[in-house]
Amino acid sequence: MSETKPKKKHYVRNTILILIVLILAVTAMSRAKQEDNQKYLGHGFDYMNGYSSTDFTGYHVYDSEKLYKLDHEASFVIENEEDMPILDGAEACYPVYSALALSAYRNIDQIEKEWHDRAEEWWNARELDEYDEESADAYFYNGHIVTFTNSSDAYYRLVNRKVDMVFAARPSLAQKQYASECNEEIMTTPIGKEAFVFFTEADNPVDNLTSDQIRAIYHGDITNWKEVGGKNRKIVAFQRPENSGSQVMMNYFMGDVPLADPKKVEIMNIGPMGGIVERVAEYNDEAGALGYTFRYFLEGMNQEKNVKMLAVDGVYPSVENIRSGKYPVIASLVCATLASNEKQSVKDMMNYILSDDGQEIIEKTGYAPLSDRNVTPTKENELIYDEIEFVLTNINMNAHLFIYGDLEGQMPHRFILKTDLDEIKGSVNQQYSDGKLIDDQYYIFSDDGSYEQDLIYDRETKTITFINETYKRDDLIVPDPGAIFELVTE
């Protein structure tokens, strides 16, 4: 009888099996974490080029079933497409400014439908070597005149003079600073009232929080619902991304009390760089969750399910309490413009928004109208810059050119060109070639689009020379190319 040999231990095979098990386990854990994080990423609604978490079907001017419509001809109508101010704003404000445009912009439904179809056709048939800028803008900004991004991008587009009017909450500190860096002043005009509300899951026994309790929760001093009369359960206080309208309002609400670091989640970044990125975790209806937003966004657009709004300082955010001012956390719905934008149609549109018709649209859309329409625009950022004066010397014309900013610092600027017959205001932009800025070469562009002129700044002689005249309205009296302006010194 032969001796039985012991079985060899297959170390390599076992090691491979162990590694496979570990890889599968790690993958499963990673996938579970990713899926778990998805619940914090808002509504995940892939819509309006990623700007929106809301299904706006029925709220566009070209499919306006859900928009409020006046039962009579509007008291103010803009007839020509080229005169219509370009609009943008926050998600919760889209139904407001869409309805305003539908009432006051003649045939805007047809205009935007044509642009929408053109943009879709361009996107579906585009070639790598072809670029239709107007169609691309209409596609990516979800419209040609009645556009939509969100409050953060809308303010950026406003400062860069891509839009004329932004409907949102007031700008954030970063947005104000950016405007100052671009030598622009943001002006906000209140056009309605809205409640800034706090909400929890529907079965939370807490119905009311004081303002001080809310600040203590978001500062991190109160961490359990039992401390405010609820169950023995941890408070999960969600915040919103920086520069969003609701986060800007929350910062105003907190005052001098700093916010605790927000809950963050890791997500896979879909883009050319790939990798994992961190984002602020948005509200999820888990046990103990607390969130905040604007009332219309929550109720009028049904953005959260199985939640309830809380009373603040004993006052519930009803329309009546918002209108009367009893509810303590009232936010102004504002229309933001640039102080440098002197288009008459923008001024006329602002007056229309404050008219009976405009306020009716705002009220019927879900906001509280203004009780006093005698409002004064607020200058959100103080612009401080030097005024540099240049005078024309080599041509028989009385002309003064004022540049606002530091030409030698290669920063954006404003200008005023004064002649005996005209005064033209606009922006100064640095020239570029092959994607690179060109030192000391600029072009001026009037706010009304009637005049564009290239110029060169000579640092040694401190003179400005007009060169290529790109565009000039026929009736403007301005210096021709070759004109030299010398610096005026005290």
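Counting begins at 1 with the first residue of the sequence.
Side-chain contact between Ile111 and Ile145 is present, with heavy atoms from C-beta onward closer than 4.5 Å. Counting only heavy atoms from C-beta outward, the side chains of Leu338 and Met187 never approach each other to under 4.5 Å. Residues Ser103 and Asp357 have side chains not in contact (no heavy-atom distance under 4.5 Å, counting atoms from C-beta outward). No side-chain heavy atom of Ile78 sits under 4.5 Å from any side-chain heavy atom of Arg106. Looking at heavy atoms from C-beta onward, Arg295 lies in side-chain contact with Met309 at the 4.5 angstrom threshold. Gln177 has its side chain out of reach of Asn381: every pair of non-hydrogen atoms, C-beta onward, lies at least 4.5 Å apart. Counting heavy atoms from C-beta on, the side chains of Thr189 and Thr337 never come closer than 4.5 Å. Annotation: side chain of Arg414 is in contact with side chain of Ser340 (closest heavy-atom distance under 4.5 Å).
For residues 331-366, the ring pair (Phe, Tyr, Trp, His ring centres under 6.0 Å) pairs, not counting sequence neighbours, are Phe76-Tyr352.
Of the possible polar contacts, one joining the Gln239 side chain to the Ala260 backbone as a donor-acceptor pair under 3.5 Å is found. For Tyr97 (side chain) and Gly89 (main-chain N/O), a donor-acceptor pair under 3.5 Å exists by modelled atom type. At distances below 3.5 Å, not a single donor-acceptor pair connects side-chain atoms of Tyr105 with backbone N or O atoms of Leu100. Panel note: side chain Asp83, backbone Ser345; no donor-acceptor pair is recorded below 3.5 Å. A donor-acceptor distance shorter than 3.5 angstrom exists from the side chain of Asn150 to the backbone of Asp153, with no hydrogens or angles considered. With hydrogens and angles ignored, the 3.5 Å screen pairs no side-chain donor or acceptor of His219 with any backbone N or O of Val257. Looking only at distances, a side-chain donor or acceptor of Glu201 sits under 3.5 Å from a matching main-chain atom of Gly288. Side chain of Glu112 to backbone of Val61: no donor-acceptor contact under 3.5 angstrom is found. Listed for the Lys69 side chain is a donor-acceptor partner under 3.5 Å among the backbone atoms of Ser64. Under a 3.5 Å cut-off, the side chain of Gln359 and the backbone N or O of Ile191 do form a donor-acceptor pair.
Closest approach of Val228 to Val206, counting heavy atoms only: O-CG2, 4.0 Å. Residues Val166 and Ala154 come closest through the heavy atom pair CG2-O, 3.4 Å. Taking both residues in full, the closest heavy atoms of Val197 and Leu298 are given as CG2-CD2, 4.2 Å, listed atom of the first, atom of the second, then distance. Of all non-hydrogen atoms in Met350 and Cys335, the two that sit nearest each other are CE-SG, 3.7 Å. Nearest heavy-atom pair, Met165 versus Val346, reported as atom, atom and distance to 0.1 Å: CE-O, 3.9 Å. Shown here for Asn142 and Met48, the closest heavy-atom pair between the two residues is ND2-O, 3.2 Å.
Residues Asp55 and Lys66 are not paired through a salt bridge, judged by the lack of any N-O separation under 4.0 Å between the basic side chain and the carboxylate. A salt bridge links Lys308 and Asp207; the closest N-O separation between the charged side-chain nitrogens and carboxylate oxygens is under 4.0 Å. Under the 4.0 Å criterion applied to side-chain N and carboxylate O atoms, Glu363 and Arg323 are assigned as salt-bridge partners.
When the side chain to side chain contact (heavy atoms under 4.5 Å, CB included) test is applied to Asp63, the partners found at least two apart in sequence or on another chain are Thr57, His60, Glu65. For Arg161, the salt bridge (charged side-chain N to carboxylate O under 4.0 Å, His left out) test picks out Glu184, Asp447, with sequence neighbours left out. Residues satisfying the side chain to side chain contact (heavy atoms under 4.5 Å, CB included) criterion with Ser151, sequence neighbours excluded, are Ala90, Ala168. Scanning for side chain to side chain contact (heavy atoms under 4.5 Å, CB included) contacts around Asp212 gives Thr210, Arg215, with sequence neighbours left out.
A ring-centre distance under 6.0 Å is found for Tyr292 and Tyr218. Between Tyr327 and Tyr316, the distance from one ring center to the other does not fall under 6.0 angstrom. In this structure, Tyr283 has its ring center closer than 6.0 angstrom to the ring center of Phe199. Residues Phe415 and Tyr404 keep their aromatic ring centres 6.0 Å or farther apart. The distance between the ring centers of Phe198 and Phe196 falls below 6.0 angstrom. Taking the centre of each ring, Tyr94 and Phe56 come in below the 6.0 Å mark. Aromatic ring centres of Trp123 and Phe140 lie closer together than 6.0 Å.
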Using the rule given for side chain to side chain contact (heavy atoms under 4.5 Å, CB included), can you reason through Asn251 versus Ser172, listing the C-alpha separation, both sets of side-chain angles and the distance that settles it, and then say yes or no?
CA-CA 9 Å; Asn251 287 327; Ser172 68; over 6 Å; no

Report the C-alpha separation of Phe402 and Ile388 in whole Å, then their side-chain angles, then the decisive distance to 0.1 Å, and conclude whether the side chain to side chain contact (heavy atoms under 4.5 Å, CB included) test is met.
CA-CA 6 Å; Phe402 298 88; Ile388 309 170; over 6 Å; no

For the pair Asp109 and Lys113, evaluate salt bridge (charged side-chain N to carboxylate O under 4.0 Å, His left out) and give the outcome as yes or no after the intermediate values.
CA-CA 6 Å; Asp109 53 344; Lys113 182 64 167 65; over 6 Å; no

side-chain hydrogen bond (donor to acceptor under 3.5 Å, both in side chains) between Tyr178 and Asn160: does it pass, once the steps are laid out?
CA-CA 10 Å; Tyr178 178 72; Asn160 285 278; 2.9 Å; yes

Working note: Asp164 + Arg157, criterion salt bridge (charged side-chain N to carboxylate O under 4.0 Å, His left out); need CA distance, chi angles, decisive distance, verdict.
CA-CA 9 Å; Asp164 296 301; Arg157 296 182 70 210; over 6 Å; no

Decide yes or no on side chain to side chain contact (heavy atoms under 4.5 Å, CB included) for Ile214 and Phe253, but give the supporting numbers first.
CA-CA 10 Å; Ile214 295 170; Phe253 173 79; 3.6 Å; yes

Stepwise salt bridge (charged side-chain N to carboxylate O under 4.0 Å, His left out) check, Arg118 with Glu134
CA-CA 10 Å; Arg118 171 180 165 180; Glu134 286 190 313; 3.7 Å; yes

Report the C-alpha distance between Ser98 and Tyr59 in whole Å, list the side-chain angles of each, state the deciding distance to 0.1 Å, and finish with yes or no for side chain to side chain contact (heavy atoms under 4.5 Å, CB included).
CA-CA 7 Å; Ser98 288; Tyr59 289 111; 5.6 Å; no

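With a 6.0 Å radius and a threshold of 12 heavy atoms from other residues, nucleotides or ligands, Asp256 has its CG atom at or below the threshold. Other residues, nucleotides and ligands contribute only 12 or fewer heavy atoms inside 6.0 Å of the CD atom of Glu133. Environment of OH in Tyr156: sparse, with no more than 12 heavy atoms of neighbouring residues, nucleotides or ligands closer than 6.0 Å.
Judged purely by distance below 3.5 Å, without hydrogens or angles, the side chains of Tyr68 and Glu360 pair a donor atom with an acceptor atom.
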Which pairs would a plain distance check flag for residues 229-238, meaning a side-chain donor or acceptor within less than 3.5 Å of a matching protein atom at least two apart in sequence or in another chain?
from: Asn232; atom 1: OD1; to: Asn224; atom 2: ND2; distance (Å): 3.0

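Taken from OG1 in Thr293 to CD in Gln247, the straight-line distance is 11.0 Å, to the nearest 0.5 Å.
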